[in-house]
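It should be emphasised that the depicted structure is a prediction, and the values quoted were computed from it without experimental measurement. Below, chain A is the first sequence line, B the second, and so on; all start at residue 1.
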2 protein chains.
Amino acid sequence: MARQRAFDRDVALETALRTFWRHGYEATSIAELTAAMGIRPPSLYAAFGDKRRLFEEVVGRYQQTHGAFTTRALTEEPTGRQAIERVLREAAAEYTSEEHPRGCLIISAAVNCGPASAEVEELLRGFREEAKAALKRRIDDDAAAGLIPAGTDTAGLATFYAAVIQGMSTQARDGAGHADLLRIAALAMSAWPVGRREGVG
Amino acid sequence: MARQRAFDRDVALETALRTFWRHGYEATSIAELTAAMGIRPPSLYAAFGDKRRLFEEVVGRYQQTHGAFTTRALTEEPTGRQAIERVLREAAAEYTSEEHPRGCLIISAAVNCGPASAEVEELLRGFREEAKAALKRRIDDDAAAGLIPAGTDTAGLATFYAAVIQGMSTQARDGAGHADLLRIAALAMSAWPVGRREGVG
DNA sequence: TCCTTTCTATAGCGATCGATACAGAAACCA
DNA sequence: TGGTTTCTGTATCGATCGCTATAGAAAGGA
């Protein structure tokens, strides 16, 4: 019973996602966002609240689309080792895809923040810690199943693979290609503890 | 034959270094810098030119002080393996030190930049690529000396260790401690190719 | 066709950005 | 002690920041 929106909210959100993905939260201005989305500030604020809430919605969308491969790999693979190997392999492809900005939004979009947006920095930091904890849970599964030696430092392994993934994101943003990141992934997997399947222990 | 500066330029530069180190290039305002340095804008501009040149001087100072351990390790150790192992071990200590902001300034101070400071982003990117090339040169030394198998992908190894170091910086900024980073370093070294010294090949 | 409602566009809000004009203060030379 | 030079502090420049008041335009119900 009133005038309807003249733009596609979903398309506009995806455009905002890619803009934030490229330059980060603080470095992306409302002017740049509205120019990219093809709308004017009042339309943005009416549809998305404010810059902070738009970014939070962008992060949610990212986790359910471009970043969903992590959760899929961790839930679908039978062992922790296979799960982490797949995460690394798919990250290599995703972080270097030509279809969208390089690297990972959760890792790189809120690194340089002033005091005004410290909470945004903390939000992404929380998601990174959550992802690291998810890695650890699958490694713990392998430890419980006896696939890796008893007494293995599973938290240390999770921190290592989290660091490798974050390094892959930085490398991708610095220009490394798909093959470069696959080599990183393969070398990282060579750090996996020798276990039952490999004929030791 | 004229009035002399009322503040210590070197102390002020170190203060600016730590401020940029914590929040990054764009997120650090002139107001925040002058407040931290205890001077007023005209003094800053007279002594350092402008924000861009101040940052470039900060980066140079960082490379010769807090970041100098990398070059030292790479030049002083007899083998590439020992050099890289030492870089990782010292990075673990440096990135988590309580004496200054966490992580690496070259890696984290210009990640989220708008179009206006794309050149600053590119400057640090160049230094990161230079560091990666320095890693590769030492790995090539080991290859030439027959310490690692013939045909080893030395560029791939260099990219791997560069990624690990960048991941260590991110982990440190997210709260990981010295021991956590040492574990990352140890696991990363387990990816080093098996060579003559290890009794294979 | 008119009324209500919600969108859109223009224009501009106060605050902050990087950077400076200006005048007073301090240090050296004559 | 006066003159020259360079620093320092105040106050502010134009531009941009995130955000919004206001008015006109469009869509549905009566």
Problem - Qualifying residue for side-chain contact (heavy atoms from CB on, under 4.5 Å) with Val59(B), from Glu56(B), Gln63(B), Glu57(B) - result: Gln63(B)
Completion exercise
Comparing nearest nucleotides in DNA chain D, the 5'-proximal residue of the pair Tyr25(A), Leu44(B) is Leu44(B)
Handout entry: Salt bridge present between Arg52(A) and Glu119(A) (N-O < 4.0 angstrom)
Key = yes
Practice task
Ignoring backbone atoms, test whether Ser43(B) places a side-chain nitrogen or oxygen under 4.0 Å from the OP1 or OP2 oxygen of dC7(D).
Solution key: no
Fill in the blank from the handout: Here the pair of heavy atoms bringing Gly114(B) nearest to Ala27(A) is N-CB, 3.5 Å
Exercise for the section: Determine whether Tyr161(B) and Met189(B) make a side-chain contact, defined as any pair of heavy atoms from C-beta on separated by less than 4.5 Å. Expected result: yes
Exercise for the section: Check every strand shown and say whether Thr28(B) touches a base, only sugar-phosphate, or nothing at a heavy-atom separation below 4.0 Å. Expected result: sugar-phosphate
Practice task
Calculate the interatomic distance between Glu32(B) atom CD and dA15(C) atom C1'; express it in whole Å.
Solution key: 17 Å
Handout entry: Arg3(A) side chain near dA26(D) phosphate (N/O to OP1/OP2, under 4.0 Å)
Key = no
Handout entry: Nearest-Å distance for atom pair CD1/C1', residues Ile30(B) and dC17(C)
Key = 9 Å
Exercise for the section: Starting from C1' on dG28(D), measure out to CZ on Arg5(A) and report it in whole angstrom. Expected result: 17 Å
Handout entry: Nucleotide nearest Arg40(A) when distance is taken to its side chain, options dG18(D), dG9(D), dA9(C)
Key = dA9(C)
Practice task
Take atom CD1 of Ile39(B) and atom P of dA25(C), then tell me their distance rounded to the nearest Å.
Solution key: 21 Å
Exercise for the section: Grab the NE2-P distance between His23(A) and dT16(D) for me, whole Å please. Expected result: 16 Å
Handout entry: Rounded distance in Å - CZ (Arg9(B)) to P (dT8(D))
Key = 12 Å
Completion exercise
Of dA27(C), dT6(D), dT8(C), the nucleotide closest to the side chain of Gln4(B) is dA27(C)
Handout entry: Atom-pair distance (CZ on Phe48(B); C1' on dG18(C)), nearest Å
Key = 16 Å
Practice task
Measure the acute angle between the ring planes of Phe20(A) and Phe55(A), then classify it against the limits of 30° and 60° as parallel, tilted or perpendicular.
Solution key: perpendicular
Handout entry: N or O in side chain of Tyr45(B) less than 4.0 angstrom from dA19(C) OP1/OP2
Key = yes
Problem - Residue mapping more 5' on DNA chain C - nearest nucleotide basis, Pro42(B) or Gly38(A) - result: Gly38(A)
Exercise for the section: Check the distance between dT16(C)'s P and Glu26(A)'s CD and give it to me in whole angstrom. Expected result: 14 Å
